[in-house]
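Numbering starts at 1 and runs along the sequence shown.
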Amino acid sequence: MAVSAIPTSWSLQQGTVADSFWVSLKYFNFYRIAVAAVFLLLAFIYGETVSLGSHEPLVFAYASVAYLVIAVAFHVVLRKLRAYFNMQLTAHLVTDIVAIVLLMYASSGIRSGLGVMLLISLAGAALVSRGRLTLFYAALASIAVLLEQSYWVLVHDFGDASYLQPGLLSIGYFATALITNGLARRLILNERLARQRGEDLTDQLRINRLVIRDVQDGVLVVDANGLVRQHNPRVAELLGRPVRELGQIEEYSEEIAQRLAAWRTGKGSSSLNLQIAEIGRLVRARFVAAGVAGGSFSLVFLEDLSKLQEQSQQLKLAALGRLTANIAHEIRNPLSAITHAGDLLQEEQRGPQRQRMLQIIRDNAQRLERMVHDVLELARRDRVQPETIRVLPYLSAFVDEFAQNESIPRKAISLNVAEDVTMEFDRVHLNQVLWNLLHNAWRHSRKQAGSVRLAAGRRGNRVELHVIDDGEGVAKELQAQLFEPFFTTFASGTGLGLFIARELCAANRATLAYLSRDQGADFRILWQAP
């Protein structure tokens with residue numbers, strides 16, 4: 001008998017029989033139909049030319065017909081009624097035993113060799129039955145074969161030695177039933193264990209995917225060929241570009257790919273820092289072996305250093321902000337007195353030396369005034385009043401005002417802005433940010449027509465506003481310090497302009513970053529709609 005599937009449950013009680021048991025029983029019956037059909041064809045086509053049915057040809061033919069009819073009836077019952085599994089299985093085995101014994105009788109007894117076919121039926125039944133039923137079926141088959149042999153001994157005077165072959169066959173029945181049943185039990189237990197482990201592994205993989213998806217770091221799983229087998233959504237955010245499934249690591253970052261290859265060969269360090277120009281973010285990439293067999297998989301962790309730097313800077317500036325806010329109020333009064341005294345001194349006495357000293361007093365007082373103003377602006381960064389700003393008309397008016405107040409030729413600043421661009425921003429904050437950026441751009445530009453350029457456009461739900469000049473740009477070694485407080489390359493600067501500009505952008509859900517260019521400087525304000 002051919003059995004299609006190993007059962008998934010050992011319980012054969014009514015109502016708890018697994019579907020695979022019924023499938024096995026159905027294929028068991030297909031085998032029965034095929035055997036009965038073969039016997040019937042042999043009886044009608046070849047007749048006496050074969051030894052089958054040599055003793056009683058009519059009995060062989062009728063038994064084959066009955067065997068085939070009953071097998072077909074079993075098939076109909078199996079399709080209509082999936083109940084009483086043990087009863088149906090017993091009916092199938094009893095039918096096999098009766099039919100095979102009748103065919104043996106019609107074919108001159110044990111010498112026909114048909115008794116061996118019961119081994120197949122018993123083995124098939126042992127796969128889907130319990131131990132006691134298996135022994136019961138083997139006992140029935142043994143009794144039937146021995147009774148059939150007794151008929152030949154009693155009626156046809158066969159010798160007692162003729163019981164040897166049926167006896168050995170009966171031993172084979174019991175051995176086949178017990179061994180097959182034991183192997184089936186072991187296979188079922190192993191399958192159950194494998195299925196349970198598979199379910200546990202599936203649950204673990206699901207948990208791992210959830211953890212990887214929600215962690216703050218970006219995670220990439222890279223195989224030996226540089227193919228990214230898995231990554232979380234955080235990777236696209238940190239790298240500032242869309243990434244596809246099952247892409248080469250070079251598509252994510254050429255620098256990461258090169259350093260990963262060097263690390264795998266033992267010629268490079270296990271981490272590197274990347275400046276993502278597209279979003280102005282500093283990212284650290286760490287390489288870790290996955291620890292699987294063969295070492296073919298590596299993990300790449302992407303950590304947002306900009307966040308850490310901002311958090312560290314915020315902690316440092318929290319205390320500084322409270323201190324400077326108090327200091328600013330205390331400094332403003334003496335500054336007013338100094339300025340007023342200088343004015344009085346200028347009115348009372350004239351002279352080149354006196355005039356120079358007065359100018360020094362006034363310049364330093366104004367510098368302190370600017371610093372106090374910047375510190376107070378920093379303290380007021382949380383008071384945000386956003387409004388919808390149409391970027392093109394706003395920039396046109398702003399540039400006109402800036403050029404007039406700073407005594408800059410209007411044609412020195414060009415606009416390249418789409419008409420439909422809008423953004424949510426505090427107008428006062430945006431004025432201060434752009435004023436600082438334009439002031440710096442003009443100071444470092446070539447001071448020609450179009451030396452400073454304002455460009456704005458929309459990409460999806462993001463608005464990018466660029467302030468670009470045609471100067472020499474910022475030296476690479478100074479770019480990391482651009483937004484640090486009190487850092488300046490201008491002799492009379494306070495070093496708070498760019499820092500405050502970035503803080504005001506952050507308060508309006510925007511980022512301010514410096515983008516490297518072949519020529520000139522490019523400061524980008526990136527605002528993203530919620």
Side-chain angles (χ1 to χ4, degrees), residues 8 190-312 459-462 464 509 511 513 515-516 524 526-530:
T8 59
N190 290 338
E191 184 190 24
R192 183 182 302 170
L193 179 61
R195 180 174 287 104
Q196 182 62 44
R197 289 180 176 175
E199 292 174 355
D200 293 342
L201 180 59
T202 301
D203 293 339
Q204 187 64 43
L205 290 175
R206 186 180 300 111
I207 294 172
N208 290 343
R209 281 194 293 268
L210 291 174
V211 172
I212 292 175
R213 185 189 66 187
D214 294 335
V215 295
Q216 293 300 314
D217 292 346
V219 181
L220 300 99
V221 181
V222 188
D223 66 11
N225 297 319
L227 183 66
V228 178
R229 296 295 188 92
Q230 186 179 357
H231 69 272
N232 61 351
R234 184 66 173 154
V235 172
E237 298 177 15
L238 292 176
L239 295 180
R241 69 187 68 173
V243 293
R244 66 184 183 90
E245 296 290 339
L246 295 178
Q248 291 293 323
I249 187 65
E250 290 81 2
E251 300 176 17
Y252 294 72
S253 171
E254 288 285 349
E255 191 170 355
I256 290 179
Q258 294 172 3
R259 294 294 291 272
L260 176 61
W263 172 75
R264 280 177 165 171
T265 58
K267 298 179 180 179
S269 63
S270 60
S271 66
L272 78 152
N273 294 340
L274 296 171
Q275 184 70 40
I276 308 301
E278 290 83 354
I279 56 176
R281 179 177 286 146
L282 183 62
V283 176
R284 172 182 292 169
R286 293 188 297 112
F287 309 128
V288 179
V292 298
S296 57
F297 286 88
S298 301
L299 299 178
V300 180
F301 294 96
L302 302 179
E303 183 180 4
D304 188 359
L305 293 184
S306 299
K307 291 283 187 181
L308 297 178
Q309 289 179 342
E310 290 177 4
Q311 292 173 0
S312 175
R459 291 185 180 180
N461 63 342
R462 302 192 308 176
E464 295 186 7
R509 298 197 317 273
T511 59
L515 307 182
S516 297
R524 183 195 62 186
L526 178 63
W527 178 84
Q528 186 166 353

Legend entry - All pairs passing ring-ring contact (aromatic ring centres under 6.0 Å, His included) where residues 201-231 contributes a residue, at least two apart: H231-Y252
Legend entry - Minimal non-hydrogen separation, A257 against I249, with atom names: CB-CG2, 3.6 Å
Inset, instruction - Look up atom CG in L272 and atom OG in S253, then write down how far apart they are to the nearest 0.5 Å. - result: 7.5 Å
Inset, instruction - Please check if the side chain of N225 supplies one atom and the backbone of L227 the other of a donor-acceptor pair under 3.5 Å. - result: no
Legend entry - Contact check, side chains of L220 and I256, non-hydrogen atoms, under 4.5 Å: no
Inset, instruction - Using the test side chain to side chain contact (heavy atoms under 4.5 Å, CB included), find all partners of R206 that sit at least two apart in sequence or belong to another chain. - result: T202, D203, R209
Inset, instruction - State, yes or no, whether a side-chain contact exists between F297 and V222 at a heavy-atom distance under 4.5 Å. - result: no
Legend entry - Close side-chain approach of E199 and R195, heavy atoms under 4.5 Å: yes
Inset, instruction - Mind checking side chain to side chain contact (heavy atoms under 4.5 Å, CB included) for N190 and listing every partner two or more places apart, or none if nothing turns up? - result: R186
Legend entry - Which atom of S269 lies closest to which atom of R259, heavy atoms considered: OG-NH2, 2.9 Å
Inset, instruction - Go through the structure and list residues passing side chain to side chain contact (heavy atoms under 4.5 Å, CB included) with Q204, not counting sequence neighbours. - result: N208
Inset, instruction - Check side chain to side chain contact (heavy atoms under 4.5 Å, CB included) between Q258 and all other residues, then give those that pass, not counting sequence neighbours. - result: E254
Legend entry - Nearest-0.5 Å distance that lies between atom CD in E464 and atom CD in Q528: 10.5 Å
Inset, instruction - Report yes if the side chains of R264 and F287 come closer than 4.5 Å at any heavy-atom pair, otherwise no. - result: no
Inset, instruction - List in chain and number order the residues that pass side-chain hydrogen bond (donor to acceptor under 3.5 Å, both in side chains) with E251, two or more places apart in sequence or in another chain; answer none if no residue qualifies. - result: R244
